[in-house]
K.L.:
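Before we start, here is the structure in question, set down as structure tokens.
Residue numbers start at 1 and run along the sequence shown.
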Amino acid sequence: MISQQAESVRAVVGITSNRLLADGVHRDWLRRKYVHALVRYAGVTNVILPTIDADDVGIDGVLPIMSRLDGLVLTGDESNIDAAVVRSPASTTPTNQPDVEVGIRDRPRDRLSAAAIGAAVAFGMPILGICRGLQELNVYFGGTLHASLAEWRPESGAMHAEKPCLPRDRQYDVSHYVTIPSDGVLFPIAGATEAQVNSLHNQGIEKIASALKPEAWTSDGLVEAVSVIGAPTLQIGVQWHPEWHVATDLLSKRLFKAFGDACVAYCQRNKR
């Protein structure tokens, strides 16, 4: 018989935080909606992963933490990705630019995500990338991003852009359809070859990394979901925000459930 203690054990997932510089004070933070969705709909326990400064890269504080986890969530954020930092976290960054600038760059987050992705791939653990997280996966594996979708195709940029005239909650309503191929890992989760999603982002995939498979794309050709080719478990990224309306959106529920199931399976394989 399984003891009550064993029955109560949950898979433990690491969630990437972001760096906020306010009043001269550095803070790590993330939106509560990620935690809420993971606890209630993925059925996992969460650990918030702290961002990494340039002079802390060599300390390697992420790997010991990752070895104790059963999954990784790469969260969204308004800041753009510094591809050079993601690909080489220990490299010297321009001194004339601050590492943290709201809505523009967050290099401490870039360093964290690079280290966390590397560890998760090495351990073969489940990964769920959301918005910025999908872009981080693409850059980590050698892909490139459009610096600004508004400049890429101005005529279709509105379908990906934020709508500041609306209340915050309504900005995350569905904005467009995506096509889902039937031969991918997303199709069994979605149960359909088409879905409505709520994408809000400035950057987007330009060239998809060779290690990734496109799992969904929009009518204007932008890839909005990817998976890691040959992954031993669910390693997927989506450009939209399933955490925002997970209580009422079926695809969001299924995505978090699939990720949670993969984390539990990983936990059981490793007897955690």
K.L.:
Would you say that V226 contacts I205 through its side chain, given a criterion of any heavy-atom pair below 4.5 Å between the two side chains?
P.N.:
yes

K.L.:
What heavy-atom pair brings P181 and A216 nearest, and what distance separates the two atoms?
P.N.:
CD-N, 4.2 Å

K.L.:
Can a salt bridge be assigned to the pair D82 and R105 using a cut-off of 4.0 Å between side-chain N and carboxylate O?
P.N.:
no

K.L.:
Does some side-chain heavy atom of S199 sit less than 4.5 Å from a side-chain heavy atom of H176?
P.N.:
yes

K.L.:
Report yes or no: does D56 contribute a side-chain atom to a donor-acceptor pair with the main-chain N or O of I52 at less than 3.5 Å?
P.N.:
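Pair absent, no side-chain N/O of D56 close to backbone of I52.
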
K.L.:
Quick one, V228 with L212, criterion side chain to side chain contact (heavy atoms under 4.5 Å, CB included). Give me CA distance, side-chain angles, the key distance, then yes/no.
P.N.:
CA-CA 5 Å; V228 178; L212 302 178; 3.8 Å; yes

K.L.:
Would the distance check show the side chain of N138 and the main-chain N or O of K207 forming a donor-acceptor pair, the cut-off being under 3.5 Å?
P.N.:
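The answer is yes, because a donor-acceptor pair under 3.5 Å joins these two groups.
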
K.L.:
If every non-hydrogen atom of F256 is compared with every non-hydrogen atom of A37, which pair is closest and at what distance?
P.N.:
CZ-CB, 3.6 Å

K.L.:
Please determine whether residues W217 and F141 belong to a single hydrophobic cluster, defined as Ile, Leu, Val, Met, Phe, Trp and Tyr linked transitively by side-chain heavy-atom distances below 4.5 Å.
P.N.:
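No, because W217 and F141 fall into different hydrophobic clusters, even though each may have its own neighbours under 4.5 Å.
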
K.L.:
Looking only at non-hydrogen atoms, find the nearest pair between A11 and C267 and report the distance.
P.N.:
CB-CB, 4.3 Å

K.L.:
Can you pull the salt bridge (charged side-chain N to carboxylate O under 4.0 Å, His left out) pairs that have at least one residue in residues 124-146, sequence neighbours excluded?
P.N.:
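Sorted pair list: R109-E136, D110-R132, R132-E136.
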
K.L.:
If you draw a 6.0 Å radius around CD1 in I48, do more than 12 non-hydrogen atoms from other residues or ligands fall strictly inside?
P.N.:
no

K.L.:
Please report the interatomic distance CD(Q239) to NE2(H241), rounded to the nearest 0.5 Å.
P.N.:
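Output value for this atom pair is 7.5 Å.
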
K.L.:
Please enumerate all residues that pass salt bridge (charged side-chain N to carboxylate O under 4.0 Å, His left out) together with E215, with sequence neighbours excluded.
P.N.:
none

K.L.:
With heavy-atom distances below 4.5 Å as the criterion, would you say the side chains of N270 and D70 are in contact?
P.N.:
no

K.L.:
Which value, rounded to the nearest 0.5 Å, describes the distance between T16 atom OG1 and I130 atom CD1?
P.N.:
9.0 Å

K.L.:
Show, in sequence, the C-alpha distance, side-chain angles and deciding distance for D183 and K213, and conclude whether the salt bridge (Lys or Arg N to Asp or Glu O under 4.0 Å) test is met.
P.N.:
CA-CA 10 Å; D183 63 344; K213 172 183 171 56; 3.5 Å; yes

K.L.:
Under 4.5 Å between side-chain heavy atoms, counting indirect links through other Ile/Leu/Val/Met/Phe/Trp/Tyr residues: same cluster for V264 and I189 or not?
P.N.:
no

K.L.:
Hey, could you give me the CD/CG distance between Q203 and L134, rounded to the nearest 0.5 Å?
P.N.:
11.5 Å

K.L.:
One pair to check against side chain to side chain contact (heavy atoms under 4.5 Å, CB included): L38 and F259. What are the steps and the verdict?
P.N.:
CA-CA 9 Å; L38 287 163; F259 176 69; 3.9 Å; yes

K.L.:
If hydrophobic clusters are built from ILVMFWY residues whose side chains come within less than 4.5 Å, do I127 and V47 share one?
P.N.:
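Yes, same cluster.
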
K.L.:
If you round to the nearest 0.5 Å, how far is NZ of K253 from CZ of R40?
P.N.:
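The distance works out to 12.0 Å.
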
K.L.:
To the nearest 0.5 angstrom, please state how far the CG atom of L222 sits from the CG atom of D220.
P.N.:
5.5 Å

K.L.:
Can you tell me if NZ on K257 sees more than 12 non-hydrogen neighbours from other groups inside 6.0 Å?
P.N.:
no

K.L.:
May I ask you to test the R10-V39 pair for a side-chain heavy-atom distance under 4.5 Å?
P.N.:
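In contact.
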
K.L.:
Give the C-alpha distance, both sets of side-chain angles, the deciding distance and a yes or no for side chain to side chain contact (heavy atoms under 4.5 Å, CB included) between Y177 and S219.
P.N.:
CA-CA 8 Å; Y177 283 91; S219 60; over 6 Å; no

K.L.:
Please walk me through it: do L128 and L255 pass side chain to side chain contact (heavy atoms under 4.5 Å, CB included)?
P.N.:
CA-CA 9 Å; L128 174 59; L255 186 58; 4.2 Å; yes

K.L.:
As an exercise, state the distance from CG of L20 to OG of S79, rounded to the nearest 0.5 Å.
P.N.:
11.0 Å

K.L.:
Does the side chain of T51 come under 3.5 Å of the side chain of S17 through a donor N or O and an acceptor N or O?
P.N.:
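T51 vs S17: no donor-acceptor pair found between side chains.
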
K.L.:
Can you confirm whether R87 is buried at CZ, in the sense that more than 12 heavy atoms of other residues, nucleotides or ligands lie under 6.0 Å from that atom?
P.N.:
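Enclosed: over 12 neighbouring heavy atoms sit under 6.0 Å from CZ of R87.
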
K.L.:
Counting N and O atoms only, with roles assigned by atom type, does the side chain of N198 sit under 3.5 Å from a partner on the main chain of W240, one being a donor and the other an acceptor?
P.N.:
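Not a single qualifying donor-acceptor pair exists.
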
K.L.:
Determine, using the 4.5 Å side-chain heavy-atom cutoff (strictly less than), whether W29 and V102 are members of one ILVMFWY cluster.
P.N.:
yes

K.L.:
Does L251 belong to the same Ile/Leu/Val/Met/Phe/Trp/Tyr cluster as Y41, with side-chain heavy atoms less than 4.5 Å apart forming each link?
P.N.:
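Same hydrophobic cluster.
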
K.L.:
Picking from L74, I15, L30, L69, what satisfies side-chain contact (heavy atoms from CB on, under 4.5 Å) with L49?
P.N.:
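Only one of L74, I15, L30, L69 forms a side-chain contact (heavy atoms from CB on, under 4.5 Å) with L49, namely L69.
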
K.L.:
A side-chain contact here means heavy atoms from C-beta on lying under 4.5 Å apart; do E243 and R31 qualify?
P.N.:
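Not in contact.
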
K.L.:
Can you name the closest pair of heavy atoms from W244 and K33 and give their distance?
P.N.:
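Looking at all heavy atoms of both residues, the closest pair is CE3-CD, 3.2 Å.
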
K.L.:
Quick one, V86 and I117 - any side-chain contact, counting heavy atoms below 4.5 Å?
P.N.:
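Of all side-chain heavy-atom pairs linking I117 with V86, none is under 4.5 Å.
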
K.L.:
Please report the closest heavy-atom contact between C263 and G71, naming both atoms and the distance.
P.N.:
SG-CA, 3.9 Å

K.L.:
Applying salt bridge (charged side-chain N to carboxylate O under 4.0 Å, His left out) between R19 and each of D77, D28, D99, report the one that passes.
P.N.:
D28

K.L.:
Looking only at atom types and distance, does a side-chain atom of D106 sit under 3.5 Å from a main-chain N or O of I81, one as donor and one as acceptor?
P.N.:
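Side chain of D106 to backbone of I81, a donor-acceptor pair under 3.5 Å: no, none is there.
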
K.L.:
Quick one: closest heavy-atom pair of A225 and L186, and the distance?
P.N.:
CB-CD2, 4.1 Å

